[in-house]
Every structure is written in C-alpha cells, then in structure tokens.
Amino acid sequence: MGPAGIAAGGKHVLESFKEALSGTGITASLKENCSSHQVGCLGLCARDVLVEIHQGGTKTVYQYVKADMVRRIVDEHLVGGTPVKEWLVDGAYDAFYKKQVKVVLSDVGRIDPEEISAYEAVGGYEAAKEVLHSWYPEEVIEEIKMSGIRGRGGAGFPTGLKWELGRKAPGETKYIVCNADEGDPGAFMDRAVIEGNAHAVIEGMIIGAYALCAHHGYVYIRAEYPLAVERLKRAISQATAKGYLGKKIFGCDFDLEIKIKLGAGAFVCGEETALIASIEGQRGQPRAKPPFPVNKGLWQKPTVINNVETLANIPYIIRRGCAWYASYGTEKSRGTKVFALTGKIKNPGLIEVPMGITLREIIEDIGGGIENGKQLKAVQTGGPSGGCIPANKLDLNVDYESLAKAGSIVGSGGMIVLDEDDCMVNVAKYFVQFTQSESCGKCVPCRVGTKRLLETLERICKGHGRSNDIERLEKLSAGIKATSLCGLGQTAPNPILSTIRYFRDEFEAHIRDKKCPAKVCKGLLTYSISEKKCKACGACLRACPSGAITGEKKTPHKIDQAKCIKCGSCFEVCKFGSVERN
Amino acid sequence: MNDTLDKIVADYRDNGGNVISLLQETQEAFGYIPREAVDYFSAQLGIAPSRFYGVATFYSQFRLNPTGKNKIIACCGTACHVRGAERILSGIKRELSLAEEEETTQDKEFTVEKVACLGFCSFAPVVLINGEVHGKTNADPILKEIRKLKNK
Ligand SMILES: Cc1cc2nc3c(=O)[nH]c(=O)nc-3n(C[C@H](O)[C@H](O)[C@H](O)COP(=O)(O)O)c2cc1C
Ligand code: FES
C-alpha cells in the first residue's frame, strides 16, 4: 500500500480485513497464514486498492478493493476456499509485470515497510554486515564500478567513480547525502522506494559511507511526502536500535549517524550545491562548480550525494554480485531503471525495466497502450530537463545514450504519455512556466532568459505569434543552455527544443494560422452554439460562469463572444454536442 | 506565544543555527510565519529580520499569512496538467471568487494552493480537500464538495 493505495482507501480496507478476520471466528492459524500486513506500492497504482492473498504457494490478487468488499472476500475465499472471481485482476495485470525486472523494487510491495524484521527476512542488511566485516572499502568501490550502475538522479554519473573520488578526497570529516528531493513534477519513484523499503536506502547509505569512510549521513527529503518521512524516521530508529546505525555498527569499528533534513519546497534544491546550501539552512542557491561537492561539499567537507534509487540498488548489487547486475541493460547503461508511467496510458503506475528496453514495449506491453482508443502523440521523459519523443520513434531504446541522441534524457524517471488531445506548444509552455517559477534568480541567463522564453510561448498560445518566433526561441535557448550557472538553467530549454524539433508544424499552426490543432490553447479557440442542434435546455446557460450565454426556452442559445472567457464549461455540460469548439 | 518562541530559539541554538529548521518549527506551531515571531527571533538572536525573510520567501513551503479554515491543494504537476488540472483550478478559483494570484478568501474560509506533484500521478488529476485525496476527478465533484463546505 503506497500513497495511491492510501488515497484509494487502503487504510479502510486494511482495517476491514483486521475486523473481518477477528469477527468471523477464523482460527488463529488462518489468521497467521494471511496476516494482513501493509506493504508499499505494488506498482499498478490505478487499480488500487490491490490486495494480494498468499495461501501456501499460491497467490491471488484482487483489484479495486473497497472496504465493503472485504467481508465477502474473507467469507468466500479465506473461509470458503473459492476466490471471488469477478473481483480478481485481469490479463492486463500479468502483462503489466511480464516485461519488468525488479531489482530495487524487488521487495517493495512484498514486505511490510514498517518492520525491520521483514526486510531482514528477505536478506536485508546482510550486504552491509558482510561488507563491514570482511571487505576493504576499495573492494566495495571496485564492485560498484564493475556493476556499471550510474546515478539515477538524472545526470547518470557512474556511482563507483563518484565514490572513488569521495574516498580519495583529502579530509577527516566526510558526508554521504541521500537526495530524496524528487522535484520532477509528475514522478514518484523515490517516494515509492522510501515508502516501500526505506531500509534498503539506509543499507545503501551504510555501504556507501563505509566505502567513503564517512561517519555522517543526511537524507534530504521533500516535506510534501509526509508518509515517506515517517517511514524513514521509523526505519532509522529501528536500525539504530539494532546497532546498524550509531556507534560501532554491526560490532565493527565504524560509526555512522544518519539525520533527516526536510526540504521546504524548492525544485532547485535537488541540484547538489543548492541542496548543500539548503541543508546548511540557507537559501537554496547553487554555486559554480568546481570545486565539486566530493571535494568541498557540506560545511566545506568532502560530500558524496546520491539519489534514493541509486542507493537502494547498492545492497542488491553487493548481495547478488556486480556481474548479475551488469547482465541487465546495455553496454553503457547497465541494470534497471524505475519509471513513473503516467498520462494518457491505460495502466499507469510504477515500473522497473532493464535499460535498453524499447519505448514501444513500455507503452504497449506494460502500459497497455493509450486509453480511450486515442492515438499516441509523444512520450515526455526527464521532466523539466528532458524532452518529448514523438510516436514515430517508439522503437527507441531507453538508455542514457539513445535518449540523449533523440533530444531527451532518462532523467529521474518521469514518463508522461501524451495523446492526440495534447498540444505540444502547451506542453513546452507548461515546463518553461515551471522552470521559470523555480529559477532561483542567481544567474541572469536563467532568471531573465526563461522569463523571455515563457513570454514568447504565451504570446504564441494567445494567437500573437510572430513569423520569426521559432528562430528566436532557438537562439535564446542556445544562449541559456550555454551560459546558465547550474543544471536547472542549462536544461530548461530542452522541452522547447525537442518539441520544436519534432512538432515544428504545430508551432507553425499556432504562429501562422493562429490555430491550435489539438484544441487546447484557449486564446485560439472560439465557442459557438449550433442553432440546429441546440435543444434550449439551459444547461450551458447555467454552467456559464461569466454570463456570456443568453437564450429563452425553446429558442437556441447564443454565446456573446465579448463576454466569453473560453473556460469550456458549456462545451462540457452540453449533452447534445451542440457547443462547437474551433 | 513567547514560550513557544523561546523553545524554538533554544532549538535553534542547539542544532547549530539552522534558519530553515527554525522557520519550519515556527510554521508548525502557528500555521504561518507571524511577523511578531520574526521580530522576536531577530531581537533574541541578533540576526537581521531580512535573513529570516530571505529564507522564508525563497522556499514555497513558508507562508507569511495565516491560511483559511479549509485548505484545498490542487496538483498542477505534469501528469495532472495533461489531464485538465488547470480547468479544475480555475473552476475552484472562480467558485471562490479568487483572483489569479490570490490564495485565501476574504472571509478566511478557504485557502487554495497549487503544488507541483503530490506523488499520486496515477490518479491524475488530484485535488486535496482538507487532507482528503480526490483522484481521477474533474471540476464538477470538486465544486460540489466546496459548496458543501461553504454551506456548513
Ligand atoms: C535543477 C536540478 C534538480 C535536480 N533534482 C534532483 C532530484 O530531485 N533528485 C535527485 O536525486 N537528483 C536531482 N538532481 C540531480 C542531482 O544534482 C545529482 O546529480 C544527483 O542527486 C546525484 O545522485 P546520483 O549520482 O545518484 O544520480 C537535480 C539536478 C538539477 C540540476
Ligand atoms: S502530477 Fe499530480 S500527483 Fe503527480
């Protein structure tokens, strides 16, 4: 049960199970067999609440479970022995999992995230224990290097190399920081990992700290994730009680203390140097690199910053060996990656796939295709730093190199599917709006440049585009990319550049013909009522918030264009399709 | 109020002087960052008020005004955006007669906040009304819910 599960009423379902199990006089042994524990995100969030029932060796899964369905499941299935057929998951459920490979998510959704014993029962903390007892730090670094894992936070820097630099950096005091700021709007991978298995993140940090010889760790996590914060706190105190954190951990001569720092809502704080400033309690503004954080980080001490998913992979790599991990993925992009698959897709949810899988496999096989029989238009990856891959490039491999070549990035793992109803100019405008408002303001190219980009796009969407706007956007973008201080500005133009690259005709339609082909951009639409079709029911008249619609009983209604605010309310309420949008 | 502020000042001194933690504690206690609190910290700690405001206005979490009785949070993250979040948000603002940049109604009954992703993206579009999640929604049910709260 992840956040979506809780949103969908998972708590009630859990309570109902507890109640139903105790109420019907089911024997204690049965209770134990099906001890209803709460788990992290099972992946297929849109079908929440999902309930898995394990009996002996067989597993049955129910979807869309509501509290009032629990009694029947308990009575017929657990007591009676026959599953409630109509509530079971369908074929899409199997398809959703078939092409996935779970490494970092292998225990998420399987174990109770609030109990350290559950994690230990599946081999948790064994890697850390072994490493601390019998490995040299250099061996750890070598193992991670050989696994080929690259940072999952966005930039894809080889993790083993980063650790080596951190190890070699001179200094007594060092820090390891887990970046759980997850700023990409429309992505929830790190949240799911922490909520589903916070202990794996902690174990990864222990191993990393040992490799670097760091005795202090921080997790910088956004305050918008209260459940993740709670579970992380709990995990840290459980690990401390067990002697896995604190002084002389695992009985070895090694100390490690981990603290949690709550973010305060600033996207730029995901950037390493801004994150450091924020942990120190200042405004989260980045600074120029070098010096890099591995040499001068928190309080000027050597600091290694890793993403949640990167760290949570580490225990699995150590436990199963670098060769096993490296057997997944491509030559230069090893292992697996978690994506948050959302947008106009039939089965949205959290997925983990081997690097190098094609977009087509993700969209069609795992995601089940586009919902409502619509046409795929593009897939957005990498959030505000990424770009849009058009539908005709669906056979592209999802790895660092291929996506970069196509003008996007793997990024932290947001993957938003767009269909024919989405306007690409609007999507570009959306992301620039985001980066513009999140720009910290320290450097001019980003502060002023994104503002000018946004103004131009807004003008285009309002129907005031000028013939040289595309060239202006491209030129300005190039300047911002080349001269911004940090990654935020350097990547902010990417969503514009990639949409211009693949959807130039849509830009031109907006600029030259003053039309929005997808009928999204308000300024380019007019609403009118067809006299022939209007039944004068008055629905639109009541729905119109600006009083722009007039009409009597039995006479077709009319929209006063001067008063119309183009909100689309009339279009939505009309049952007869008589409101026309052009 | 002063007892609370004293405790926050003491915590600040203990944890090595972290302005963000201090402001987070203050907001936790009062629901926003009251001007009197900043003046008090400034006097007690000998730090200019601008330091506090500099941090408070940088991060979107901090608010300098109290919120309304009912809190509505509309997600405008990418997944929600492509599923019509904007239409819902403008519907809510219209219903409550709030201007584009306004967050809290005059009668202090409602505060409407816009956030970038709540992590419920598979349920897009998402609106939180007083902590309760409304997913896969549209303007209609949300406005109904708001009207119910209005009539309370
Ligand atoms: C504007 C900006 C925002 C970022 N946001 C995040 C984030 O939310 N989470 C994250 O792990 N990395 C983020 N990064 C990347 C980090 O700076 C850093 O590269 C990463 O945390 C390193 O960890 P890794 O090597 O394990 O990927 C962001 C970078 C930039 C420039
Ligand atoms: S985009 Fe709205 S919840 Fe993620």
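Protein chains get the first letters and strands the later ones, always in sequence-line order, with residue 1 at the start of each. Note that the structure is a prediction, hence the values are computed from the model and not measured.
- With chain A as partner, the option from B:Q24, B:Q27, B:H81 having the largest number of non-hydrogen pairs under 4.5 angstrom is B:H81.
- Closest approach of B:A139 to B:I88, counting heavy atoms only: N-CG1, 3.8 Å.
- No part of B:C80 comes within reach of chain A, as not one of its non-hydrogen atoms sits under 4.5 angstrom from that chain.
- The closest donor-acceptor contact from the side chain of B:K114 to the backbone of B:C76 lies at 3.5 Å or more, if one exists at all.
- Put simply, of B:I73, B:T78, B:I20, the one with the most heavy-atom pairs under 4.5 Å next to chain A is B:T78.
- Contact of A:F434 with chain B is made through the side chain alone, with heavy-atom distances under 4.5 Å.
- Taking 4.0 Å as the cut-off between side-chain N and carboxylate O, B:R63 and B:E103 count as a salt-bridged pair.
- With a 4.5 Å cut-off on side-chain heavy atoms, B:R35 and B:L64 do not count as touching.
- Ranked by heavy-atom pairs under 4.5 Å with chain B, the list A:D421, A:I345, A:V268, A:T342 is led by A:T342.
- A salt bridge does not link A:K522 to B:E86: none of the charged side-chain nitrogens sits closer than 4.0 Å to a carboxylate oxygen.
- Only the side chain of A:E572 comes within contact range of chain B, with heavy atoms under 4.5 Å apart.
- The heavy-atom pair separating A:V427 from A:L418 by the smallest distance is CG2-CD1, 4.0 Å.
- The pair A:E224-A:R191 does not count as a salt bridge, with every side-chain nitrogen at least 4.0 angstrom from each carboxylate oxygen.
- Top candidate by heavy-atom pairs under 4.5 Å with chain A, chosen from B:V55, B:V82, B:V19, B:L128, is B:V82.
- Using a 4.5 Å cut-off between heavy atoms, A:V520 makes no contact with chain B at all.
- For the pair B:K136 and B:F123, the cation sits on the ring face: its NZ or CZ lies under 6.0 Å from the ring centre, inside 45° of the axis.
- Proximity to chain B (any heavy atom under 4.5 Å) is shown, for A:A543, by neither the backbone nor the side chain.
- Note: A:A264 leads A:A264, A:G281, A:P185, A:A187 in heavy-atom pairs under 4.5 Å with chain B.
- When the candidates A:C440, A:A223, A:G284, A:C269 are compared by the number of heavy-atom contacts under 4.5 Å with chain B, A:G284 comes out ahead.
- Between B:E113 and B:K71 a salt bridge is recorded (basic side-chain N to carboxylate O distance below 4.0 Å).
- By number of non-hydrogen pairs under 4.5 angstrom with chain A, the leading residue of B:G54, B:A124, B:A56 is B:G54.
- Interface remark: A:S278 contributes backbone and side-chain atoms alike to the contact with chain B (heavy atom separation under 4.5 Å).
- Interface residue A:K344: backbone and side-chain heavy atoms are both found under 4.5 Å from chain B.
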